[in-house]
Amino acid sequence: MSPHPSTIVATGLGAVSAVGHGCAALWSALAAGRDGLAPVRRFSTEGLPHGLAGLVPGYDGPDKITPERRHRGMSIAFALEATREAWLQAGLDRDGPRPERIALVLGASVGDDLWEPTPLEDITRAVADALGILGPRITVSTACTSSTNAIGVALDLLASGTAEVVIAGGTDVLTPETFAGFSRLGVLSVAKCAPFSEPFGTTLAEGAGFLVLESRASATRRSATPLAEVLGYGLSGDAFHETSPDPGGAGVVSAIEGALANAGVTPDQIGYVNAHGTGTAANDPAEWRAILRVFGPRGETLPVSSTKSVIGHAQGAAGVLEVIATILAMQEGCVPQTLHFTRPRARGPSDPIAQAVPRALTYSHAVCTSSAFGGANAAVVIARPGTATTANRQRREVFVRGVGAVGPHGRTLDDLWRVLVAGRPVQSTAVAPFRIEELLPTADPRRLDPSSRFLTASAALALADARIALRAQDCDRAGLVVGATQVSPESDQAFCDSIERHGLAQLSASAFARMVRNAPGGMCSKLLALKGPNSTLDTGHGSGLVAIAYAAELLSTHDRADLIVAGGFDELSEGDAEHRRGEGAACAVLATERTDDAIRVAGWGLAGPGQFADAVTRAATRAGIDERAIDGWFGTLPAPADRPRIDPAIVLGDAIASSAAVAFVAAVLALRRGEVRTALVGTANGISTTCAILLTTTEHGDGR
Amino acid sequence: MDADLATIVAAREQVLERLRATLIKQLRLERAPDELDPDMPLFGSGLGLDSLDAVEIAVSLEIEFGIHIAEGGASPVHLRTLNTLATLILDGGAVRAR
């Protein structure tokens, strides 16, 4: 059989890492058994018991950081270098689709600065602008699984026809605060990290990696050479702890199994696992347990290695750099090694490729896994070019089962509807204080910042509205997708206060754990036991709606999840209220099971900045609905002048991530009340990603 | 003898009082000091603290009491209850006095 034309292939690779600039540098370091780990010179590690890291050559000197601890622009510089390398290798400079048909999905955990976090969306926009990318620009921020998850989002954008070419990967900088935080948590190694061996602990790093992804048909059309097939991905949430993995490895099992199912590949076909393999006492055994659970007795002989022994733990860029290392090794007919392996520790892989250089091995398929703070896990299946012969995409219908919102209106749907229909801007855009225990009696409020409280409350309200109480066996199939544009201002303040009072060496570890953008998502999934696909993304204005569209896409194409809670949250910082910024959270429960009163998510579409009409056309085409049938408009979007439009941003204050999710809730309420029959919810974002979702009552269009 | 014993008990009570105040503040415990029994397990079934709290406790001991405990958390024995923490602090103090 010949390779299938819809199979997604990588036609360009770009890497910046501790071992140098470019994929050639990465491969030559792997081939020579040379690591990029060295004592940190860029910033002071005084007072910390650790001092090793994998900084990018040329950026590793003390001149690269100002006395104010800023190193602005490095994450963009890394990303530009890696994306350009991939772009050129794929021949996109010679021959590519229209800029509107190229998307960028960028994973980042911290970006440039943890001391004063800036929007990660800015990194994505800068890179997209530099490359002239005018399709969707999506930032994925699930800490150390960010770039792995980004590759997955890219696969979905390609499979749904949203883009013809997607640049996907990640970039991250090692900040002094990140280093101190990991040190304080006791998870850094005193020596170069030696995954599955001793001493325990990881070595942090930085860098960027990007893939150019497109269908085989597109690559053939452009005469680009497929370097590898990227067949599928899986996501999960541990729902266990902010920083520690579930020791049983259940979350990793779920991510790998999801990836295999999405790829249409059986465990027996996998010849190599590139593990997350941080080297910490908690990660490695949990991951090994997971591998044994997925692969059974075969796991005992399966080669499992960790590239972090060579390039360190590049945080948000780790996953994609490890995918690239795997592709490079696969091309050379070998598997990458685990360096620094002296003696095995208990509960580690039987074959960790414990040698100085890669080992020759012929195999067709590999799995790369990543795990992160907040309990997020992701896995990707890659294969040698020409392996996949069948398409594996069947679409399922998606319904809205319940909605919930917390905001200046209060917490009930009746109050929300009343305030929105009245249309008068609220006096205060702040959320009135409430205790999470009122909704979740078992919740421990100690580490719940307002962001986590708002998100968890709206998700719990949405599940209650759906009259769904998850049983233990359903939790694996229930996920959470969140749109988030900020670190909680309260947690940020607590983190900075702890450093200012006592110094970096004695920063607050629990506040540090909340400095990742997916911390509220992690907390919410833990409190509600949502162990299915877990993701947090940022497209600036409208992120919460893009999260809902992504959740719909996941449910429709990934048959290992039946239910996903999706939405967004915002938390005011000082001075925001004067600018009519809003806060709160809104969530919808999407599910594949249809009930009598369910609302159909008939279609959804994403498009590039300013191309809202394209997003609507895409949604309408998928829904099989004539755009003229739309009789309700919700969100910050163009609507016919003579027709009513509900825009929560005007009434409740402009909440960057969640206003559009509140608009989605409002549309569902309007459909339930019989006020409209076909609702368009949208965000007409002019700089990032536009999104349109069409909702209908289930009676509508049932004859199709 | 009784006076010595009273001094020892008073020293321990004082440390416990400071410990309670420190932990309530640093760990954002929604408890009154007298709700924290000196022999209640801090982790698991007792107060329900976890590994992140263990790091915060280690930091608090450094800042408040000048006690440095090994990276990756102190020995679990010392972190068991408020009383074992108090013993660690009192012993640490004795070591420094020498």
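Just so it is clear: chains get the letters A, B, ... in the order the sequence lines come, proteins before strands, and each one is counted from 1.
Using a distance-only test at 3.5 Å, with no hydrogens or angles considered, a donor-acceptor pair links the side chain of Arg446(A) to the main chain of Leu27(B).
In this structure, chain B has heavy atoms under 4.5 Å from both the backbone and the side chain of Gln506(A). Proximity to chain B is limited to the side chain of Ser244(A), based on heavy atoms less than 4.5 angstrom apart. For Leu188(A), no part lies near chain B; criterion is any non-hydrogen pair under 4.5 Å.
Considering only heavy atoms from C-beta on, Asp50(B) comes within 4.5 Å of Arg447(A) through its side chain. Counting heavy atoms from C-beta outward, Glu56(B) and Arg184(A) have side chains that stay 4.5 Å or more apart.
Counted within 6.0 Å of CD on Glu437(A), heavy atoms from surrounding residues, nucleotides or ligands total more than 12; the atom is thus considered enclosed. Environment of CD in Gln14(B): sparse, with no more than 12 heavy atoms of neighbouring residues, nucleotides or ligands closer than 6.0 Å. Residue-environment remark: CD (Glu46(A)) stays at or below the threshold of 12 foreign heavy atoms within 6.0 Å.
Residue Ala509(A) comes nearest to Leu52(B) through the heavy atom pair O-CD2, 3.8 Å, listed as atom of the first residue, atom of the second, then distance.
When the candidates Ala511(A), Pro445(A), Ser510(A) are compared by the number of heavy-atom contacts under 4.5 Å with chain B, Ser510(A) comes out ahead.
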